[in-house]
Colleague: 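Pasting a structure here, questions to come.
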Amino acid sequence: LYEGIHLACEAIKRITKLHPRLEVKFATHVNPEVQKAVRDELGDMAHVELLPPVKYDDFIALMQGAKLIMSDSGGI
């Protein structure tokens with residue numbers, strides 16, 4: 001159903017396996033079905049923090065502190 005989200009979650013799993021000290025912050029989508037799909041795939045991972053949807057200013061602050069940004073959005 002959400003192939004892009006699944007692929008993003010798989011990429012996060014692979015990256016964190018290669019870099020186990022990496023801390024991931026995942027700002028979830030506003031759609032509750034997408035949030036559930038992400039929780040199902042990443043919810044039990046120790047170094048992955050699933051965040052609720054964030055406001056624009058908070059999102060900018062998250063991006064400023066990031067070393068890597070992965071998105072399916074063309075606007076990022």
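Please read all numbers here as calculations on a predicted model, not as lab measurements.
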Colleague: Looking only at non-hydrogen atoms, find the nearest pair between Met70 and Ala8 and report the distance.
Modeller: CE-O, 3.5 Å
Colleague: Quick one: side chain to side chain contact (heavy atoms under 4.5 Å, CB included) partners of Leu22, sequence neighbours excluded?
Modeller: Ile15, Thr16, His19, Val24
Colleague: Drop me the distance from Cys9's SG to Arg14's CZ, to the nearest 0.5 angstrom.
Modeller: 11.0 Å
Colleague: If Ile, Leu, Val, Met, Phe, Trp and Tyr residues are connected whenever their side-chain heavy atoms lie under 4.5 Å apart, and connections chain through other members, are Val30 and Leu51 in the same group?
Modeller: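 Not linked; separate clusters.
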Colleague: Measure the CD1-CD distance between Ile5 and Glu33 for me, rounded to the nearest 0.5 Å.
Modeller: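 It is 12.0 Å, given to the nearest 0.5 Å.
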Colleague: List for me each residue that meets side chain to side chain contact (heavy atoms under 4.5 Å, CB included) alongside Ala27, sequence neighbours excluded, and say none if there are none.
Modeller: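 Applying side chain to side chain contact (heavy atoms under 4.5 Å, CB included) to Ala27 gives Val54, Phe59.
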Colleague: Leu18: what forms a side chain to side chain contact (heavy atoms under 4.5 Å, CB included) with it, not counting sequence neighbours?
Modeller: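 Expected list: none.
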Colleague: Does Val38 reach the side chain of Leu50, with side-chain heavy atoms less than 4.5 Å apart?
Modeller: yes
Colleague: If the condition is salt bridge (Lys or Arg N to Asp or Glu O under 4.0 Å), which residues does Glu23 pass it with, not counting sequence neighbours?
Modeller: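 Salt bridge (Lys or Arg N to Asp or Glu O under 4.0 Å) list for Glu23, sorted by chain: empty.
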Colleague: Is it true that Val34 and Leu7 fall in one hydrophobic cluster, defined by side-chain heavy atoms closer than 4.5 Å?
Modeller: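 Val34 does not cluster with Leu7.
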Colleague: Could you name each residue pair satisfying salt bridge (Lys or Arg N to Asp or Glu O under 4.0 Å) that touches residues 34-51, not counting sequence neighbours?
Modeller: Lys13-Glu41, Lys25-Glu49, Lys36-Asp40
Colleague: Answer whether the closest heavy-atom distance between the side chains of Gln35 and Pro52 falls below 4.5 Å.
Modeller: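 Contact flag for Gln35/Pro52 side chains = no.
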Colleague: Which pairs pass salt bridge (Lys or Arg N to Asp or Glu O under 4.0 Å) with one or both residues in residues 50-61, sequence neighbours excluded?
Modeller: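 Sorted pair list comes back empty.
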